[in-house]
Amino acid sequence: GGAAGAASSSPQVTLTVGDQAKSLQTLLNASGVLKGTSYKVKWAEFEGAAPLFQAVQAGAADTSYAADLPTLQAQSGGVPVKGVAALHNDGSSTGIVVQKNSSVKTVSDLKGKNVVVSSARGSIAEYLLANALQQAGLKYSDVHVQYLLPTQAQAAFTAGKIEAWATFGTYKAAVVDQGARQIVDGTGGRVSGYGFIGAADKALADQGKKAAIKDFLGRLDKALTWSGTHQDAYAQAIEKATGAKAAVAQLIVKQGYGELVPITPAVTKTVQNVADTMHGIKILDPNVNVADSVDTSLFAK
Amino acid sequence: MSSDASSASSGDKSETSSVDIRGLSRTFDGRTVIDDLDLTIAKGEFVALLGHSGCGKSTLLRILAGLDDEISGEVIVPARRSAAFQSPRLMPWLRVWRNVVLGLPGRANRDRALATRYLAEVGIEERAGVWPKTLSGGEAQRVSLARALVREPELLLLDEPFGALDALTRVNAQRLVGELWQRHGCSILLVTHDVEEALLLADRVLVMDAGGIAHEVTVDLPRPRALGSPEFVSLRSRLLGWLGVHDASASETPLERISS
Amino acid sequence: MSSDASSASSGDKSETSSVDIRGLSRTFDGRTVIDDLDLTIAKGEFVALLGHSGCGKSTLLRILAGLDDEISGEVIVPARRSAAFQSPRLMPWLRVWRNVVLGLPGRANRDRALATRYLAEVGIEERAGVWPKTLSGGEAQRVSLARALVREPELLLLDEPFGALDALTRVNAQRLVGELWQRHGCSILLVTHDVEEALLLADRVLVMDAGGIAHEVTVDLPRPRALGSPEFVSLRSRLLGWLGVHDASASETPLERISS
Amino acid sequence: MSVKEYAAPGAVPPKPTAQAAAPPDTRLTIRPARRARRIPRLPRAVRRAIGPVGLLVAWYLGSVTGVLPENVLASPVDVVRQAIELTSSGELPRAIAASGRRAATGFVIGAAIALALSLTAGLFRLGEDVVDASMGMFRAIPWVGLIPLFIVWFGIDETPKIALVALGVTYPLYFNIYGGIRSADSQLVEAARMLGLGRIALIRYVILPSALPGALVGLRYALSTAWLALVFGEQINADAGIGYLMSNAEQYFRTDVIVLCLAVYAILGLLCDFVVRLLSKRLLSWRASFDGDGA
Amino acid sequence: MSVKEYAAPGAVPPKPTAQAAAPPDTRLTIRPARRARRIPRLPRAVRRAIGPVGLLVAWYLGSVTGVLPENVLASPVDVVRQAIELTSSGELPRAIAASGRRAATGFVIGAAIALALSLTAGLFRLGEDVVDASMGMFRAIPWVGLIPLFIVWFGIDETPKIALVALGVTYPLYFNIYGGIRSADSQLVEAARMLGLGRIALIRYVILPSALPGALVGLRYALSTAWLALVFGEQINADAGIGYLMSNAEQYFRTDVIVLCLAVYAILGLLCDFVVRLLSKRLLSWRASFDGDGA
Ligand SMILES: Nc1ncnc2c1ncn2[C@@H]1O[C@H](COP(=O)(O)OP(=O)(O)OP(=O)(O)O)[C@@H](O)[C@H]1O
Ligand SMILES: Nc1ncnc2c1ncn2[C@@H]1O[C@H](COP(=O)(O)OP(=O)(O)OP(=O)(O)O)[C@@H](O)[C@H]1O
Ligand SMILES: [Mg+2]
Ligand SMILES: [Mg+2]
């Protein structure tokens, strides 16, 4: 790439922003923060973290947007991506639910049970399960873990085919609505609550793109701040953009990432703990050195 | 198949007749091929059917076989019929002998000995075990004939069954049909283009034209028949005349016309 | 096709002969059907081939047509050949007239007028526009004949082309072939089961047996020929004898054997 | 080869025990075709609607009785409501148009590839050996596993979606056309050669018409595959299309929209089938083949 | 109907301009089949290996030269290493066995359903109207959308996986058998009826053999579909199977394992193809059909 100054002002730069299910796109468009960028923003939308990182790996997206664990998984798998900023929420969206008439009242009661984890191996829900079991003094091998995609698991749970389900977001809310009991959730640090905006190594090596990412992070920060103060407008935007029902949109707003934070050593440490735990139950192999997998130079407050 | 058993329909003539056709018509796309045709075949009668190519002989046979029901008119036939079609129509995926006994009831449809006996009758027992695709034209026709004969029907429908056979094979096949007919007393409707064959074998010879039976002659010559007898020669010339080969003199075959 | 043009191979006889076969053999699964057969057909010669069903006539024709190359021996044929097979082999997906002109070079393969002219020759011009599946047996055979005739070959291979035709239609078709032959001077190899037909049309009649040409007779009767002439009758009886119909007297047709 | 003397007449078994003893005097009346005599039947279109309409009714009953839980398979009423809403908002027509464009482009490309490959494999022994073995292998590779490769090659815009459709369409067409070519009647091929048809003419007038019935079976399958491939294709960075609409609805939990999409797929399937039926009727009118009993 | 008098002889066009003017004296030598004379050819198995082996080489070269980036399509060397490792750990054989069991069970069920449906639709007009229209519709419904329904009905153990395989297998077999039945030669069906074959015998001796070539095309397609359906099926609560192995590897960006799974699929595809080829050779030996040029 050329000199930083020249590139950042160059209209030629196109930043391909990786996104999941239109989350960032909706937020940034609704808040209007993208007006007047010196670069072009192109959205790359995916159904989940795995295809998004595949696209990053293939060089088809410059940035990623995912929770801590999927990002760690991608890094462990060799996807050339670095965390450049962290997102945070309270972790309440993740939880373990059981059928309303289940004999399972607490996490310790899960011993010997089948527990379904969504979306897949190495998801935040699995971390919650692992962490909760650990805190309850159980080994991870004391439960029998089954993996199901959330839509499938939801159908199975509703039909009474599964007893305990570690899940998240709208899926959790929906079954709780119908009477399912939540025995534990991710608050209180049971999940880290962190997510990452990642940048492909190749994009970071390109001065023009790097500058664009830096600028983009600033705008994303503003957008998140806006979302905290304009919850209704944000929810309406979600409804409009995705067809979600009002209640679901509000839930997304409530449980979504509320702020953009720099990747401080504290963040690194928390996430490293997550990585170590998952490595300990052989879910994350090889382990990731979080401090080496971030680039803190792009976003600071 | 849309033919149902109906004992009620065997009317007044049922004791003596095998086939009763009244006012039969068949139209293909507006072209009437069979037009108000009447025909009765007595039990045990051997009837030969002549007619120009395309005049509707095979169509009539298909109707009698119960394979064509887009007709109008009344057709009564015996329940047990059997046919040799103009083309052999062997099942390509069954060995020759399986083709012969195909459709016989019970265990008989696996009776290779029975099949081989009939194949021997038509002179191709050594080809019993091969695929139909390897047969010559005449061989296939003989398998088809054997298949029709093996099932001892009450009405046997033969559509030019000897057309692809050489002189010797043809004589033998004709003799075989004649013998089976005399032994089992079935009725036979034989389509042929060979006037002499018709006269040698049949009790009655019909000439089809314009969708109906245009001419009919009863051959009451004693059997075995001699080609040279004056009655035979005069019958032949009459039939040839009806078939349009007008200038054939009594002693000439139709081919002679070429030299005239 | 594995036949290549080779002008070098047209050896000493090439100026006068149309077909040269030397030591031809063909074996099916260990069964030798054609065994060291030699045959020369002169330019413009009309040769008829007789033989028992299954003796290898069609196999020989297929080899001459270049459709079978699992042979040993030497076979030289004209480049421009044409054939009517034993079964009509019409393309079911082409209208009758398209079948007739199929394969003609250039625009001619769309020349309906040309097709109709030849269909008229064989008496079915009114069926030019229909699908082959609706043809009667004899109609299909005539289309196949028209298809072979339309391309004016140097060697015409006809495998029982009149087998499914009635007397009148047959006479006309024979006359048509005879005329075309005389007009264009092509060589013809005609397979037939009808001894009289062979004698009426051909310059030379061959009888195939045991995989080779067992008998051969040159018919040097003047044309047009008369069935009743003594030479004709004696030739016929000789041929019938070779074909195994031994007890046929000079004045009898093979069918007479039935009555003996 | 000499002609054997025939078996003596006496060798004909006097009574082969073969024929079942039907009462010897039974006679039948060949009845004129029923359609000429009975009450006219239900029209074809109505009879063909029985199945789909029956399923619709079953679905409705299932929803009402709770056999099909609402949150798994939305009730027809909800789906219709949703259909009206999305149609008036223009979203559904836009989705169908977007998917249709992709499906059509991909189909054309896939069909061309399938035709070229099946001709190569069908006409030449060497082609068969090389192409056919590879196709059998390729077909077995799950293309979901190839999506990353597609992204590398084709990016994340329209091209990978179209490529997925083309890939999905190629296999059924290839297998069926190749099978069809190989079932061409060798007698007709011989006749055509005898008539002096060149290679091109042989293909055009003999091989392809022979393969046509098989190709139409493949076409039927391929047309529905074209739409189905987009269920996956439109998960890659799409912002319109039925596949996108459906996966989006899955993310946001809209079973009514999901089921609406399924219904749209079903209707598209019926439409494609209808087209293939029409085409078959037109293109195969020369055929004399079994068309089922009157029942 | 009266026979028309033939056109007068003179009506034969004296020189139809049709025939191309090949030099009138050209003669050809019909050459004995080449195989009898030339150097013996490569054996069939070797020739059929050309395609797959060529692709392997292309893959290797692509990896070495960087045309296929390592992080998208692992190099053959890595894949072989991974294969050895997973084989010695027993994971790969276990996966193949688990998937194989599911594929086989599902295939048998699907094939039985397809046969029953295609016979119903093929033999009866009413069956055709009801079944065939519904099948065209069903086929178009993406079964990924139906997985939740499957889970509700069949739970999350083996049954839904097997059901998915059965579903995937049913369609290609149904379409091809149905198409095959409908292309049975009506002349043979007539002959069979004349011979007094009952309905069962008609099916057994005429209809099914006629449908066989088509059914084998469908079989070829269905066998690979059986394995492919497990790519999705084994995302449902599996702990063994190639599909599971692959989606797991996808989750972890283990391109070497992904590509190993793709390779296993490819080999399984080749094996299935081989079985179908053998079967075809045995079952279709009665057929006289076009089998490609000598080239
Ligand atoms: N399915 C059909 N559709 C239309 N026309 C048909 C159909 N079948 C037969 N025909 C026509 O009906 C007429 C009679 O046919 P048919 O087969 O009965 O003749 P045929 O007397 O047996 O003649 P041949 O001696 O040549 O076999 C023919 O002109 C034929 O073209
Ligand atoms: N593809 C084949 N495989 C095995 N045997 C064959 C094959 N084709 C022909 N034959 C056999 O070769 C012999 C000669 O067949 P061909 O068709 O030449 O007889 P033909 O003289 O034409 O008899 P016809 O007068 O009955 O037509 C027959 O016995 C036939 O069964
Ligand atoms: Mg006829
Ligand atoms: Mg022959």
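We name chains A, B, ... by the order of the sequence lines, and we start the count at 1 in each one. For clarity, every value in this text was computed on a predicted model and none was experimentally measured.
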Worksheet entry | Audit row: E:Asn176, D:Asn176, side chain to side chain contact (heavy atoms under 4.5 Å, CB included) steps and yes/no | CA-CA 9 Å; E:Asn176 277 286; D:Asn176 277 286; 2.7 Å; yes
Worksheet item: Is there a salt bridge (Lys or Arg N to Asp or Glu O under 4.0 Å) between E:Arg220 and D:Asp132 once you walk through the steps?
Response: CA-CA 12 Å; E:Arg220 202 178 162 193; D:Asp132 194 52; 3.0 Å; yes
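With a 4.5 Å cut-off on non-hydrogen atoms, E:Ile181 touches chain D through its backbone and its side chain both. For E:Trp153, the part lying near chain D is the side chain, with the backbone staying farther off; criterion is any non-hydrogen pair under 4.5 Å. In this structure, chain D has heavy atoms under 4.5 Å from both the backbone and the side chain of E:Leu262. Both the backbone and the side chain of E:Thr225 come within less than 4.5 Å of a heavy atom of chain D. Using a 4.5 Å cut-off between heavy atoms, E:Glu128 touches chain D through backbone and side chain atoms alike.
Contact check for E:Phe290 versus D:Leu188: no side-chain heavy atoms found under the 4.5 Å cut-off. Between E:Arg47 and D:Val130 there is no side-chain heavy-atom pair separated by less than 4.5 Å.
E:Arg139 and D:Asp273 are not joined by a salt bridge, as no carboxylate oxygen comes within less than 4.0 angstrom of a charged side-chain nitrogen.
Checked against the 6.0 Å centroid criterion, the rings of E:Tyr265 and D:Phe138 do not qualify as a close aromatic pair.
To the nearest 0.5 Å, atoms OG (D:Ser224) and CD1 (E:Ile141) are separated by 11.0 Å.
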